[in-house]
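Structure first, commentary second.
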Amino acid sequence: MKVLVIGGGAREHALCRSLSLDPDVTALHCAPGNAGIAEVAELHPVDALDGAAVAGLAGELAADLVVIGPEAPLVAGVADAVRAAGIPCFGPSKEAARLEGSKAFAKDVMAGAGVPTARSYVCTTPEEIDTALDAFGAPYVVKDDGLAAGKGVVVTDDVEQARAHARSCERVVIEEFLDGPEVSLFAITDGTTVLPLTPAQDFKRALDGDQGPNTGGMGAYSPLPWADPKLVDEVLETVLQPTVDELRRRGTPFSGLLYAGLAITSRGVRVIEFNARFGDPETQVVLARLRTPLARVLLHAAEGTLDSEPPLTWHDSAAVTVVIASHNYPGTPRTGDAITGLEEVAELDAPHAYVLHAGTRRDGDAVVSAGGRVLSVTATGEDLAEARDRAYAAVGRVRLDGSQHRTDIARTAAGS
Ligand code: AMP
Ligand code: GLY
């Protein structure tokens, strides 16, 4: 099978790594990719938001499957363009991707499907904003309706800050605060059959102890030793399957990766958000534990034949990933800094620990930073403590001027 992966972050590096290890995959391409992905896939320049360009590239490469990593191309309808060219594509249509692209749409689907989520108001005027803030009280949860790379959400006790953020958005969702730990659960679906993956937890705040601003994600681990073993079955039954059924019922079937961001509250599981693609950095740890070869499952999802797939199987191991971010992330990150120490990780820590590239590019012989999140250092072990030790040992070998990372990824869960 010839596979083309669209995107160029650590999630796509994790996807390409898994696909490169899959005996079914005879050729692996990625566009636009990054300096790390270049080691496992052939890179091609492309404007990932241009459906005709992506479909054209897939045609030239005679790809049997296109896998779209990030949300922006999905929301722009790139999967539709690829499918219209007759090429199987893993990723939802533009219509179905609104589940991620519009928080108001997601709330409407959840209401239709009877999926438990925070009560909310969609507001467009200052009066509506004040009424909603008053109705819920502190802590305030204020979400820009559109795509904002995880940075459009403000959770604060300060009503002035909540109001200011709400007024800066064209359309805003204001909702009830959900307490309790967060879980990310992904499912692969063809629009009818739903195959859940294994749960993971990510760390969204920039600083240790869940302090600082929200980011795209600073680290993740899997499995979750503290979670109820019945969690996956419960979420499949109350969240994932009803949502997929509702979107099919509406005439906009969702095929691809359905990502449920959940809060395990004192009153039960609630959906915080849906995403329409693999989560980053959770994908790095989920795929590290996946035993089933990935390509055929993704192809079956793309072709609507997922019912022929047996349940996914998992390694009995733990995985931890720690994100190394640039100076000043998530503000205006500094880029162009040289990264060294990658060979040492490859020599001393492989195969248990490895570096997945997020925002990197080649500059002559050097690898330099090219984005906010630069690297996602991933490790496996018999348990979380071992995976964590290995991940941080590898992080310690990587040098990037001004970089930052959290030191407490998976610490509580590992009991260390
Ligand atoms: P979202 O982009 O919707 O995932 O929100 C980003 C982060 O904001 C989530 O991962 C949560 O940590 C936090 N958050 C979002 N909605 C709520 C809520 N209703 N209650 C508490 N925290 C929330
Ligand atoms: N881990 C958060 C996200 O992918 O949106």
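Indexing begins at 1, ligand by ligand and atom by atom, following the structure's order.
- The closest approach between G216 and ligand 2 falls below 4.0 Å for a heavy atom of the residue.
- In this structure, of E175, E182, K204, the residue bringing a heavy atom nearest to atom 11 (C) of ligand 1 is E182.
- Applying the salt bridge (Lys or Arg N to Asp or Glu O under 4.0 Å) test to pairs two or more places apart or on separate chains, those with a residue in residues 250-267 are D108-R250, E176-R267, E246-R250.
- Taking the ring centre of F254 as origin, the terminal cationic atom of R248 falls outside the region bounded by 6.0 Å and 45° from the ring axis.
- The six-membered or imidazole ring of Y121 lies near that of F136, with a centre-to-centre distance under 6.0 Å.
- Taking every heavy atom of F177 and a limit of under 4.0 angstrom, the matching atoms of ligand 1 come to 20 (N), 21 (C).
- Contacts of R277 with ligand 2, taken as heavy-atom pairs under 4.0 Å, involve the side chain alone.
- Those atoms of ligand 2 that come under 4.0 Å of a heavy atom in G279, given as number and element, are 4 (O).
- Counted by atom type alone, S317 and T380 present zero donor-acceptor pairs between their side chains at under 3.5 Å.
- The salt bridge (Lys or Arg N to Asp or Glu O under 4.0 Å) check on D157 picks up nothing, with sequence neighbours excluded.
- Those atoms of ligand 2 that come under 4.0 Å of a heavy atom in D202, given as number and element, are 1 (N), 2 (C).
- Taking each of V153, T117, V141 in turn, the one with a heavy atom nearest to atom 5 (O) of ligand 1 proves to be V153.
- Residue contact check: K103 has heavy atoms under 4.0 Å from atoms 1 (P), 2 (O), 3 (O) of ligand 1.
- Within ligand 1, counting atoms from 1 as listed, the ones closer than 4.0 Å to a heavy atom of N214 are 7 (C), 8 (O).
- Remark: K103 does not engage E175 in a salt bridge, criterion side-chain N to carboxylate O under 4.0 Å.
- F278 does not count as a contact of ligand 2, since none of its heavy atoms falls under 4.0 Å from the ligand.
- Of the options V67, L294, L15, a side-chain contact (heavy atoms from CB on, under 4.5 Å) to V3 is made by V67 and by none of the others.
- Close approach to E282 involves these atoms of ligand 2, each under 4.0 Å from a residue heavy atom: 1 (N), 2 (C).
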